[in-house]
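Data first, discussion second: the structure below is written as structure tokens.
In what follows, chains are A, B, ... by sequence order, proteins preceding strands, each numbered from 1.
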Amino acid sequence: MDRYDPHAIEAKWQQIWEAEHAFEVSNERVQPKSYVLEQLPYPSGSLHMGHMLVYTIGDIVTHFRRRNGARVLHPMGFDSFGLPAENAAIREGGHPREITERNIANIKRSMKRIGWAIDWSRELSTHDPSYYRWQQWLFLRFFERGLAYRKAAPVKWCPFDQTVLANEQVTAEGRCERCGTLVESRLMEQWFFRITDYAQALLDDLDTVDWPESIKARQRNWIGRSDGAEVIFRIEELAVDVPVFTTRPDTLFGATFFVLAPEHELVERLAETAENGEEIREYVRRAAVKKTEERAAAEEKTGVFTGFHVVNPVNDERLPVYVADYVLTDYGTGAIMAVPAHDERDFAFAQTFGLDVRVVIRPRDGEAEDVPYVSGSDDDVLVNSGEFDGLPAPEGGRRIVDRLAAEGRGRFAVNYRLRDWGWSRQRYWGAPIPVVYCEADGIVAVPDSELPVVLPDVEDFKPQGKPPLAQAEDWVNVTCPKCGGPAKRETETMDTFVDSAWYFLRYCDPHNEQAPWGREIVDYWNPVDLYIGGVDHATMHMIYARYFVKVLNDLGMLGFREPFAAFYSNGWVTFGKTKMSKRAGNVVGPDDFVAEYGADPVRLNILFIGPADQDMEWTEEGVEGMARFVRRLWRIVNEVASEAPRGEEADGPLARKAHATIAKVTDDIGRRFAFNTAISAVMELTNELSRDTRGADSRFAAETAVSLIQPYAPHLAEELWQRLGHERLWGQPWPVADEAMLERETFELVIQINGKVRDRLQVSADASEEDLIAAATSSERVRSFLDGAEVRQTIVVPRKLVNLVVGANGTN
RNA sequence: GCCGAAGUGGCGGAACUGGCAGACGCGCCGGACUCAAAAUCCGGUGGCCUUCGGGCCGUGUGGGUUCGAUUCCCACCUUCGGCACCA
């Protein structure tokens, strides 16, 4: 028998798959179908172990579902715009496109070497004009409906480099990662999508998808629905109504002051007439410069009194109005009623400024409660609240809102933490935004017929007060599509989250030049049946993609409401510290191990380490052990191929074990996504097979082991399958366990006394309860334990155990 | 603070619906083969005790339900993760 040579075998089968287009699928609408998708990779220098894990999980499911009769779409592409390539170009010279395309070529070579069953005919890259052309087209559909709009929003700004910084370019200390200058906050006009319109739909439809609860919880948290009330306070001096949002209308009688966020639109109006107008303006200026995190971290609350008062609608009390930066401008209405007795932040402010604290909620039975007391449960009652005294807090709150509503001074309201999605970047390496700025007509869409607006080349990718694209003057200066007058192109680009919000739709119809996709095609393949990826994309990417699908559905462009019907979140892969330092300098990735052991052992091992949805540590010992198993399987199956008889009925114990393994592996992959225990099961079968490679059952057991391991180790399995005298395992139906062979003639009866195992007996499978009890009580060992004591109770679990309960005063 | 996940041998983990705790593998120990080593193969491997038959203990801690709990319930401890001046 020849030695196991993974490199030769893997090259051989990869060539055959490619020549036979083994994993390409057409869009012919055949059922059943399955769309198996992993989050597309960012093309950095090379693959890492995390990639190895995600794409192998998807690959196993792809093979499994194919062989179970589904038409499976399993595409691949590259999230190829973005900051790292641009920074590399600035650092090392060259063009981001060259760097990116070199990386793609490199990664693609690694992917093909690993042998994932990908339909490469559908490959796409988001930096390709044939892709972003349709992204621009989609943007225009959003834009014409007002779903994409511009507004001023704070950005992180480096005053030295004169540029906007992405969050990841700001150090933990709040400095520019390049020059170390303290980063400022600046208001700038930016592009947004109106995702907040869909907050409730994004929340509700989580109930319709099969995702891990933890991922759903993160999205719910991110959307952050709060139920409460909007209550109108009035500044009588100015005859202005100022609404506030509160989740605690039950505490309205406890309001003792009122706060506006520094950015609130009313603040400037107050400053105009206030005696201390300049002090107010100065406070606002200082607050604007501070980062949100800095504001939150402040030891003491700061603020300034305006001299104005508002009227509390529940009791017509006059409350002093402050401006303070602990109130956020972009949540609720940017103004709050302050109830220091029942809110920690208001309490802290009241302490600093010596303001009244009025208790209006008490525990029903206690009294000496701490202030602030924030609970508002049914065990609390209202006090100092006029007609509402004595009511449980939640009910009291509802009644207060009812009364305010009747008076037109309040209503029940819902608020979300979710903010509109800001997606424009002052960066070069992204999709151009197809609008122009015209002095006469304002923002004007580029006509569909002029798409794509192709990203022009520039000399320098460093932003210098303006986005790099501003350098491309020939490109920037155009005529307005509306009036024909002079206009300038948008020089900001789209964030990569836009690119990845719809790529799974383009895979379905990647070469369409008339439209982003054909609706029947997209409706056939979608929603994605299994989406696989990391938890780090649980919020942003996966909320944005859901938002896109909902909008596109409302626009009639597709017929579903959710992109990802099921989601599997893979764990993180780490290396031990010793391994890291041993190969200091270069990151250890799958390429290194594939070169040493071959792709199949690496594929197997990444899933054998542990449950794929939990974090795991990759070790050299582990992959060595797996290589040992693979060689063992190789040797045993080769022996079977040459030694075991053909065409004999396989119905002995080894055949039964094989059927049991089929059942186990099918359930593990198909239902439980327990990829590690499926491998264990095949190992067990292999161990049993190794005891007899020449018997009548051996051939069946070997064929079963090879067939079941195929999704994990497709090259090895294919080669062994051929040696067993067959062809094209990847196209073979998945094996089905014979129910009759799963039935056992005998089983091991466990006999317990008072719940402790005392004996095990082989018993006929069709023994009656009475037979089991008789067998149990006649056992010598059992008798010695019973020693004549009275059996008070006998529990019989058919085909499992007998538990004899003897009295506590028994003499056992 | 709110939300989520997890605690099992020396290690990764298994036990799916309440029924034999530790499958499978790593590591380690012993043996075979070898001049020797590696590789390979065979056997052993939770702890304590043992008259070698076996016995007792054991799934983060303390309670509870049950004939029976790693699994269900209550309280707590520890670790990891998300959100967070969100009114």
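The shortest distance between the side-chain N/O atoms of A/S226 and the OP1/OP2 oxygens of B/A87 is below 4.0 Å. OP1 or OP2 of B/A39 has not a single side-chain nitrogen or oxygen of A/R3 nearer than 4.0 Å. Look at A/N803 and you won't find any side-chain N or O under 4.0 angstrom from OP1 or OP2 of B/G19. Contact between the side-chain N/O atoms of A/R417 and the OP1/OP2 oxygens of B/C85 is not found at any separation under 4.0 Å. For B/G55, one of the phosphate oxygens OP1 or OP2 lies less than 4.0 angstrom from a side-chain nitrogen or oxygen of A/R758. Phosphate proximity of B/A21 to A/K756: absent, as no side-chain N or O sits under 4.0 Å from OP1 or OP2.
Nucleotide B/G1 is matched to B/C83 when pairs are restricted to Watson-Crick or G-U wobble geometry with both distances under 3.5 angstrom. Under the Watson-Crick or G-U wobble criterion, with both distances below 3.5 Å, B/C72 is paired with B/G64. The pairing partner recorded for B/U78 is B/A6, the criterion being a Watson-Crick or G-U wobble arrangement whose two distances lie under 3.5 angstrom. Using N1 to N3 plus N6-O4 or O6-N4 for Watson-Crick, or N1-O2 and O6-N3 for G-U wobble, each under 3.5 Å, B/C24 pairs with B/G12. For B/C35, there is no paired nucleotide, since no Watson-Crick or G-U wobble pair has both relevant distances below 3.5 Å.
Separating the CG atom of A/N605 from the P atom of B/C11 is a distance of 19 Å, rounded to the nearest angstrom. We find that CZ of A/R799 is positioned 17 Å from C1' of B/U17, with the value rounded to whole Å. One atom, CG of A/D325, and another, P of B/C85, lie 12 Å apart when rounded to the nearest Å. Protein atom CG of A/D536 is 21 Å distant from nucleotide atom P of B/G4, rounded to whole Å. Between the CG atom of A/N754 and the P atom of B/C67 there is a distance of 12 Å, given to the nearest Å. Between A/M626 atom CE and B/G13 atom C1' the separation is 13 Å, expressed in whole Å. Between A/W211 atom CH2 and B/A5 atom P the separation is 16 Å, expressed in whole Å. Counting to the nearest Å, the C1' atom of B/C41 and the CZ atom of A/F629 are 17 Å from each other.
You'll find that the side chain of A/T677 is closest to B/A14, out of B/C41, B/G25, B/A14. For A/R218, the listed nucleotide lying nearest its side chain is B/G81; candidates were B/G81, B/C41, B/A87. Closest contact between the side chain of A/L328 and the listed nucleotides B/A87, B/A14, B/C83 involves B/A87. Here the side chain of A/M683 is nearest to one of B/C57, B/C24, B/C42, namely B/C24. Of all nucleotides listed (B/G27, B/A87, B/C24), B/C24 comes nearest to the side chain of A/S680. Between B/C85, B/C16, B/C3, one nucleotide has an atom nearer to the side chain of A/R672 than all others, and that is B/C16. Nearest to the side chain of A/N687, among B/G25, B/G55, B/U40, sits B/G25. In the set B/C85, B/C67, B/C20, B/C20 carries the atom at the smallest distance from any side-chain atom of A/V757. The nucleotide whose nearest atom lies closest to any side-chain atom of A/E684 is, among B/C85, B/U40, B/C24, B/C24. For A/Y326, the side-chain atoms get nearest to B/C85 when compared with the rest of B/C41, B/C24, B/C85.
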Donor-acceptor list for residues 601-615 of chain A side chains, cut-off 3.5 Å, not counting sequence neighbours:
from: A/R603; atom 1: NE; to: A/Y712; atom 2: O; distance (Å): 2.7
from: A/R603; atom 1: NH1; to: A/D59; atom 2: OD2; distance (Å): 3.2
from: A/R603; atom 1: NH1; to: A/I114; atom 2: O; distance (Å): 3.3
from: A/R603; atom 1: NH1; to: A/G115; atom 2: O; distance (Å): 3.4
from: A/R603; atom 1: NH2; to: A/D59; atom 2: OD2; distance (Å): 2.6
from: A/R603; atom 1: NH2; to: A/P711; atom 2: O; distance (Å): 3.1
from: A/D615; atom 1: OD1; to: A/W572; atom 2: N; distance (Å): 2.8

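Rounded to whole Å, the separation between the C1' atoms of B/C85 and B/U79 comes to 28 Å. Look at the C1' atom in both B/A23 and B/U70: the space between them is 15 Å, to the nearest Å. Across the P atoms, B/G31 and B/A37 are found 11 Å apart, a figure rounded to whole Å. With C1' as the reference atom, B/C72 and B/G18 are 8 Å apart, rounded to whole Å. A gap of 34 Å separates the C1' atoms of B/C83 and B/A14, to the nearest Å. Nucleotides B/G82 and B/G12 are separated by 26 Å at their C1' atoms, to the nearest Å. Across the C1' atoms, B/A69 and B/A15 are found 13 Å apart, a figure rounded to whole Å.
In B/G27 the base sits anti relative to the sugar, since the glycosidic angle is further than 90° from 0.
Across all strands, A/G622 comes closer than 4.0 Å to no nucleic acid atom at all (heavy-atom distances). Within 4.0 Å (heavy atoms only), A/R632 reaches sugar-phosphate atoms of the nucleic acid but no base atom. No contact: A/N415 has no heavy atom under 4.0 Å from any strand. Counting any heavy atom pair closer than 4.0 Å across all strands shown, A/E624 reaches no nucleic acid atom. Using a 4.0 Å heavy-atom distance criterion, A/P611 is classed as a sugar-phosphate-only contact. Counting non-hydrogen atoms under 4.0 angstrom, A/V374 reaches nothing in the nucleic acid. Within the nucleic acid shown, A/K664 comes within 4.0 Å of at least one base atom, counting heavy atoms only. The residue A/E748 sits close to a base: some heavy atom pair falls under 4.0 Å. Residue contacts for A/R671: at a heavy-atom cut-off of 4.0 Å it reaches a base atom on one of the strands shown.
For A/K301 against B/C85, a side-chain-to-base donor-acceptor contact under 3.5 Å is present. At a cut-off of 3.5 angstrom, counting only N and O atoms as typed in the model, there is no donor on one side facing an acceptor on the other between the side-chain of A/E344 and the base of B/G1.
In this structure, A/I532 CD1 and A/F673 CZ are separated by 7.5 Å, a value rounded to the nearest 0.5 Å. The line from CZ of A/R417 to CG of A/N221 is 6.0 Å long, rounded to the nearest 0.5 Å.
Taking the six-membered ring where the residue is Trp, A/H537 and A/H541 present perpendicular rings, their angle passing 60° and hence far from 30°. Ring pair A/Y544/A/W421 is parallel by interplanar angle, where below 30° counts as parallel and above 60° as perpendicular.
Considering all non-hydrogen atoms of both residues, A/F567 and A/S569 come closest at CE2-CB, 3.5 Å. Considering every non-hydrogen atom in both A/V321 and A/T306, the closest pair reads O-OG1, 2.8 Å.
Side-chain contact check for A/P372 versus A/D343: every heavy-atom pair is 4.5 Å or farther apart.
If A/G755 and A/M616 are placed on RNA chain B by their nearest nucleotide, the residue sitting closer to the 5' end is A/M616. Residue A/N221 is the one, among A/E300 and A/N221, whose nearest nucleotide of RNA chain B lies closer to the 5' end (criterion: closest heavy atom).
Between the side chains of A/S768 and A/D771, a donor-acceptor pair is found at a separation under 3.5 Å.
Between A/D207 and A/R220, at least one side-chain nitrogen of the basic residue sits less than 4.0 Å from a carboxylate oxygen of the acidic one, meeting the salt-bridge criterion.
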